[in-house]
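Lettering of chains follows the sequences in order, A, B, ..., and the numbering in each one begins at 1.
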Amino acid sequence: MENKVRVRFAPSPTGGLHLGGVRTVLYNYLFAKKLGGDFILRIEDTDQSRFVPGAEGYIFECLKWCGIEPDESAIHGGDYGPYRQSERKRSYLGYAEKLVENGYAYYAFDTPEELEAMRQDLRTADNPAPQYDQTVRGRMRNSISLPADETKTMLLKNTPHVIRIKLPDDEIISFQDMIRGEVHFNTGTIDDKVLLKADGMPTYHLAVVVDDFLMKITHAFRGEEWLPSSPVHVLLWRYLFGEKNMPQWAHLPLIMGPSGKLSKRDGAKYGFPVFAMNWTDPATNELTEGFKEKGFLPEAFLNMLAMLGWNDGTEQEVFSITDLIQKFSIERVHKAGAKFDYEKAKWFNHEWIKGFNAEDLRLKVKNVLEDRGLEVDDTILLDKVINLVKDRCTLLTDFYDQAYFFFRSPATLDIAAVRPKWTMEKKEFFISLCQEFEALAEWESAFIESAFKTIATEKNIKPGELQLPFRIMLVGGKFGPPVFDIAGLIGKQETIHRIMNSLEQF
RNA sequence: GCCGCGUUGGUCAAUCGGUUAAGACGCAUCCCUUUCACGGAUGAAUGAGGGGUUCGAUUCCCCUACGCGGUACCA
């Protein structure tokens with residue numbers, strides 16, 4: 001029990017949950033479930049200035065849609081709460097102070113203006129981004145540069161201050177990354193990161209380390225963008241809890257957009273979703289479309305994300321979540337970033353739609369149709385329709401275009417497709433056909449087809465010449481399942497009605 | 001600038017020193033189908049560049065180039 005695997009996804013609730021975030025969730029989840037471990041959701045809301053109402057609830061909604069339930073979280077409960085860092089605020093100060101006492105950190109009183117001035121002064125072409133490090137530490141106002149008593153009085157007077165880590169001047173920090181192998185950094189190239197902010201909140205650096213320890217996290221997955229600050233975290237573990245207790249790190253490769261790092265702008269620009277679900281920015285009211293609303297199945301969405309950076313070494317590409325749990329291995333996660341390919345994403349969805357049966361899709365298709373104003377209460381009919389058209393649907397939303405004519409006459413007919421070859425003889429054929437239809441005892445696709453062919457032979461017209469017009473009459477365009485199946489499902493009277501109605505327009 | 005991580009077709013990618021360098025998406029052509037799809041077949045398309053190591057490098061090492069990330073009291 002002591003060695004139980006515990007992983008965590010720790011998003012900052014500042015907006016929509018994008019592709020990369022969901023993939024991080026997925027890999028966390030797969031890893032934990034494969035090893036019988038727990039998946040924890042921790043909210044990293046230490047930046048009060050970036051609080052966005054609704055963002056936290058939205059994250060939970062996205063996970064729910066994906067079918068990934070945390071074992072522990074702010075709403076699922078658990079023994080290691082609270083699961084929001086803002087609610088754990090008081091626990092961080094002690095650790096920060098302990099670091100100061102041991103000489104691993106120090107108080108810094110520099111105001112934002114002073115910091116800005118320092119950066120201005122030191123900025124050169126060769127050093128465009130001066131850091132608060134060993135080279136400048138001495139000229140700033142902190143408990144290292146200032147006399148002890150002055151520091152003491154400033155502290156007593158509640159002078160606004162932060163606590164910064166004091167990085168060793170020149171030390172190689174290395175650790176094993178589960179994906180990249182051994183990585184190392186020289187502390188001389190890293191700045192003295194702020195650990196505790198002036199408002200008493202910890203920064204990410206302190207909070208991850210403290211919470212990962214307190215929550216007994218065994219393996220920590222995060223995006224590659226964290227790699228450069230990982231030596232700070234390693235040092236913090238060493239100073240606070242012992243490096244041997246540190247979780248094993250795995251820095252996941254980034255998901256790229258068409259031009260560089262994937263952003264929600266790419267979505268708007270190239271017409272594909274980047275968020276799991278629709279997200280409306282409460283400040284600007286700007287809506288960013290989600291995969292869910294675009295018509296993706298969660299199974300396909302997850303499948304696609306899993307393959308963006310991982311494969312099982314075989315040629316298999318379609319995986320269910322249970323399959324993924326069984327086969328996932330961190331060793332096979334790619335090191336390089338992957339460019340997101342919307343065409344491939346759609347292919348996954350198409351595969352999943354084709355693979356599902358009518359019952360699996362029923363509810364979702366019904367919703368799509370009803371969203372567009374089609375009332376569907378005949379489940380038997382709906383199932384038949386789904387089976388007939390699902391191969392033609394890449395997105396769930398395609399079901400409307402592919403199936404609406406089963407429930408409603410087409411609004412417009414592609415007359416241009418029939419008119420060039422339209423003749424009086426053909427018109428007569430359809431009139432006779434309607435009479436024949438009226439007389440049909442059983443309205444079933446095979447009988448409809450044979451009646452159609454019989455009349456065609458009588459009129460001496462090739463059946464093939466007549467099928468397209470018939471299709472246009474029933475469907476409105478050159479698409480859809482076999483015509484006789486359509487006629488069979490929409491019913492005798494409706495078929496005759498559509499034929500007669502079309503005859504007036506051709 | 002500095003630091004780090006990467007680099008196999010347009011994209012996702014297999015290969016763990018010896019292969020005609022898989023497969024998938026997309027694209028093209030054909031077959032099936034008197035619609036559109038599905039399905040099937042075929043094709044075009046890949047190891048960034050340069051040095052090593054080795055009998056032999058896509059694979060191991062170095063350099064260069066390029067890409068990405070970081071360089072905040074944001075995560």
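Between A:Glu182 atom CD and B:G4 atom C1' there is a gap of 14 Å when expressed in whole angstrom units. Rounded to whole Å, atom C1' of B:A75 lies 12 Å from atom CZ of A:Arg8. Rounded to whole Å, the distance from CD1 on A:Ile179 to P on B:U7 is 13 Å. In this structure, CD of A:Glu449 is placed 13 Å from C1' of B:U33, rounded to the nearest angstrom. Atom C1' of nucleotide B:U34 and atom NZ of A:Lys453 are separated by 10 Å, given to the nearest angstrom. When rounded to the nearest whole Å, the span between CZ of A:Phe470 and C1' of B:U34 equals 15 Å. A straight line from CD of A:Gln467 to C1' of B:C36 spans 13 Å, rounded to a whole angstrom.
At a cut-off of 3.5 angstrom, the base of B:A72 holds no donor-acceptor pair with the side chain of A:Lys193.
For A:Val162, taking side-chain heavy atoms from C-beta onward, the closest of the listed nucleotides B:C36, B:C3, B:C73 is B:C73. Across B:C5, B:C73, B:A14, the shortest atom-to-atom separation from the side chain of A:Pro112 is found for B:C73. Distances were taken from every side-chain heavy atom of A:Pro228 (C-beta onward) to each of B:C74, B:G70, B:U11; the shortest belongs to B:G70. The side chain of A:Trp226 lies closest to B:A75 when the candidates are B:G6, B:A75, B:U34.
Base-pair partner of B:G6: B:C66 (Watson-Crick or G-U wobble, both distances under 3.5 Å). Applying the Watson-Crick and G-U wobble criteria (two distances, each under 3.5 Å), B:U15 pairs with nothing in any strand.
In this structure, A:Phe484 and A:Phe452 have perpendicular ring planes: the angle between them is above 60°, well past the 30° mark.
A:Ala336 comes within contact range of the sugar-phosphate backbone alone, with a heavy-atom separation under 4.0 Å but no base atom that close. Within 4.0 Å (heavy atoms only), A:Pro11 reaches no atom of the nucleic acid at all. As judged by a 4.0 angstrom heavy-atom cut-off over every strand, A:Arg123 is placed among residues making no nucleic acid contact. Residue A:His251 is classed as having no contact, given no heavy-atom separation below 4.0 Å to the nucleic acid. Counting any heavy atom pair closer than 4.0 Å across all strands shown, A:Thr46 reaches sugar-phosphate atoms only and no base atom.
Comparing B:G10 with B:A45, their C1' atoms are spaced 9 Å from each other, to the whole Å. Taking atom C1' in both B:A57 and B:C61, one finds a spacing of 12 Å when rounded to whole Å.
The side chain of A:Arg164 places an N or O atom within less than 4.0 Å of a non-bridging phosphate oxygen (OP1 or OP2) of B:C73. Taking side-chain N and O atoms only, A:Arg332 has a distance below 4.0 Å to OP1 or OP2 of B:U15.
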*Given A:Arg222 and A:His251, is the side chain to side chain donor-acceptor pair (under 3.5 Å) satisfied, shown in steps?*
CA-CA 5 Å; A:Arg222 54 172 25 165; A:His251 289 92; 3.0 Å; yes

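Remark: A:Arg164 is positioned above the aromatic ring of A:Tyr132, its terminal NZ or CZ atom under 6.0 angstrom from the ring centre and at most 45 degrees off the axis.
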